Undergrad: 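Take a look at this one; I'll ask things after.
Only heavy atoms go into these numbers, but all of them, side chains included; no hydrogens, no water, no symmetry mates. None of the values given here were measured: they were computed from a predicted structure. Proteins get letters first, then strands, A, B, ... in listed order; numbering begins at 1 in each.
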Number of protein chains: 2
Amino acid sequence: MSSDNYHHGNLKNALIKAGMEILEKKGTGGLSLRSVAKQAGVSHAAPYAHFADKQALIAAISTEGFKRLLDKLEIVRKMNANDPPALLVEISWAYIRFAQQEPDCFKLMFSSALEKEKEYSDFVKVSQQNFRQLVDVVEVCQQAGILEAGPADQIAVSVWGTVHGLIMLMLEGQVPHSVLEKYPLRKLLLFSLNQIAVNELTE
Amino acid sequence: MSSDNYHHGNLKNALIKAGMEILEKKGTGGLSLRSVAKQAGVSHAAPYAHFADKQALIAAISTEGFKRLLDKLEIVRKMNANDPPALLVEISWAYIRFAQQEPDCFKLMFSSALEKEKEYSDFVKVSQQNFRQLVDVVEVCQQAGILEAGPADQIAVSVWGTVHGLIMLMLEGQVPHSVLEKYPLRKLLLFSLNQIAVNELTE
DNA sequence: AGCTGAACTTTACATCGTAAAGATTATACA
DNA sequence: TGTATAATCTTTACGATGTAAAGTTCAGCT
């Protein structure tokens, strides 16, 4: 807090924050250990006091991204708790919006952890939390009769995959322009969700 | 052909091939320009005679991966041309199998090109070709009554997203073990496709 | 006050992408 | 056929990167 040079006090979190800032400004390409250290105002080897290697820092940044995503989804979930059709649509839409607003962070979250089978237990934990929330939503929708009965975890994977695949193809520029001109992203999402839902979801 | 040191003869393709080999053996982390050059038996700067920079080589490798995927899908498409339900299932399954067999190549294909808006026209071309094939399959399935009528390109995005998202979440280790133990991947695929299909798809 | 260990810096090194200049070969044109 | 020119490849060089090792500073305990 007071001292300047040594014992930053909370360098670990400062590095994660610095990493997210660089990710926003410079994208994945600019995310080097040294640049993160510089952004946090410490020497280039300082991160090694808190992270085993670059992968570990990346994992921590991904975990932070996951937490932010979780928070956003949670808010949407509470706001639409007693309107299951809207819940399904809006939580999916929030997922997509997050991916659009922080594309580099989002891509990092889904392209890092398994590099080596190092556990990164925080990452696994928040990932599981995310899935559990999704299963909850599915169960609510099942009880409301807008998703078919059956194993909620299996349906959750199916729904998640559909939404995740859509935004991924989008971010990678795989969805042809001709399609995007005709149907805005929100329409594509609604359409895909309607493939899954038993009753029609509308705006 | 004959001379050894200079004028390799077909270095461009040799580099692409070398890149795919390294991708299989060492994964994305081992894919450096220098390692690719060494694998092809040339000096580390030789690739610059054929590729503008590393990104361009990566794009070429991705394009080659896309071609291989396209070939596999084409074979499956021809084998199941007059059995639409099997066509839909098997071409999706082939997509997933490819991703499982060459995960690093697959991930590269869907995580590179847009780095800068450099055109990489070959990549765009083969990507469009892939989408067109998918639209064809969708239309066949619509005519057979196993996919609902409507704009085929929109449905194609939906189907592709579903399959792509499923295997992506899988490769990134996001699908909980508990789910995988209960339902093998093929079952999860069938389940997801059945969410979309109007008539039941079976084995 | 002095010891100990954690947090941070400095130095060093191998590897990376890439630029520049030199060497070698193929090709086009006289 | 001989030679200029361009294409292909090598060599050398440089800055940036990840990381190891050793040195420095500081907090807290005895």
Side-chain angles (χ1 to χ4, degrees), chain A residues 1-19 21-23 25-62 104 108 111-116 118 120, chain B residues 1-19 21-23 25-62 104 108 111-116 118 120:
Chain A
M1 182 97 56
S2 57
S3 73
D4 270 353
N5 269 349
Y6 276 76
H7 291 85
H8 180 290
N10 198 6
L11 184 54
K12 185 165 184 174
N13 289 326
L15 288 169
I16 294 173
K17 193 191 207 174
E21 285 169 17
I22 289 179
L23 213 44
K25 285 173 199 159
K26 314 273 177 177
T28 316
L31 191 70
S32 68
L33 253 186
R34 292 168 107 107
S35 69
V36 171
K38 183 182 287 182
Q39 172 90 6
V42 293
S43 76
H44 66 264
Y48 283 91
H50 303 276
F51 300 99
D53 53 13
K54 188 186 181 184
Q55 275 295 312
L57 174 56
I58 298 279
I61 295 173
S62 296
D104 290 283
L108 198 73
S111 70
S112 66
L114 79 173
E115 259 281 0
K116 289 256 179 177
K118 291 173 185 171
Y120 299 130
Chain B
M1 183 95 56
S2 57
S3 75
D4 271 353
N5 269 351
Y6 277 76
H7 291 86
H8 179 289
N10 198 6
L11 183 55
K12 185 165 186 176
N13 288 327
L15 287 169
I16 295 173
K17 192 191 206 174
E21 286 170 16
I22 288 179
L23 214 45
K25 284 173 199 159
K26 315 272 179 178
T28 315
L31 192 70
S32 69
L33 253 187
R34 291 168 108 105
S35 69
V36 171
K38 184 182 287 183
Q39 171 90 6
V42 292
S43 78
H44 67 264
Y48 283 90
H50 303 276
F51 299 99
D53 53 13
K54 188 187 182 184
Q55 275 295 311
L57 174 57
I58 299 279
I61 295 173
S62 296
D104 291 283
L108 197 73
S111 70
S112 67
L114 80 173
E115 259 282 359
K116 289 256 178 178
K118 290 174 185 170
Y120 300 128

Undergrad: CG of B:L31 versus C1' of C:dT15: gap in Å, rounded?
TA: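 Roughly 15 Å, once rounded to whole Å.
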Undergrad: Return the value, rounded to whole Å, for the distance between atom NZ of B:K38 and atom P of C:dG17.
TA: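 Nearest whole value for this atom pair: 12 Å.
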Undergrad: Would you tell me if any nitrogen or oxygen in the side chain of A:H50 comes within less than 4.0 Å of OP1 or OP2 on C:dA6?
TA: no
Undergrad: Over how many whole Å does the gap from B:F51 atom CZ to C:dG17 atom P extend?
TA: 14 Å
Undergrad: Check the distance between C:dC13's C1' and A:R34's CZ and give it to me in whole angstrom.
TA: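 So the CZ-C1' distance, A:R34 to C:dC13, works out to 11 Å.
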Undergrad: Show your reasoning for whether side chain to side chain contact (heavy atoms under 4.5 Å, CB included) applies to B:Q39 and B:K25.
TA: CA-CA 12 Å; B:Q39 171 90 6; B:K25 284 173 199 159; 4.0 Å; yes
Undergrad: Check whether any side-chain N or O of B:S32 sits under 4.0 Å from OP1 or OP2 of C:dC16, and answer yes or no.
TA: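 For C:dC16, OP1/OP2 do have a side-chain N/O of B:S32 under 4.0 Å.
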Undergrad: Whole angstroms only, please: what is the CG-P distance between B:L57 and C:dT18?
TA: 10 Å
Undergrad: Measure NZ/A:K54 against C1'/D:dA16 and give the value in whole Å, please.
TA: 11 Å
Undergrad: Grab the OH-P distance between A:Y48 and D:dA21 for me, whole Å please.
TA: 12 Å
Undergrad: Both A:A45 and A:S35 contact DNA chain D. Which one's nearest nucleotide lies toward the 5' end?
TA: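 Nearest nucleotide further toward 5': that of A:S35.
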Undergrad: Indicate yes or no for a side-chain donor-acceptor contact from B:S35 to the backbone of B:L31 under 3.5 Å, with no hydrogens or angles considered.
TA: no
Undergrad: Has the side chain of A:H44 got a donor or acceptor atom sitting under 3.5 Å from an opposite partner on the base of C:dT10?
TA: no
Undergrad: Can you identify which nucleotide, out of D:dT19, D:dT11, C:dT9, has its nearest atom closest to the A:A46 side chain?
TA: C:dT9
Undergrad: In sequence, state the C-alpha distance, the side-chain angles, and the governing distance for B:Y48 and B:L33, and then conclude on side chain to side chain contact (heavy atoms under 4.5 Å, CB included).
TA: CA-CA 10 Å; B:Y48 283 90; B:L33 253 187; 3.4 Å; yes
Undergrad: Distance check needed: C:dC8 C1' versus A:L33 CG, whole Å only.
TA: 15 Å
Undergrad: Working to the nearest 0.5 Å, report the span between CG of A:L15 and CD1 of A:I61.
TA: 8.5 Å
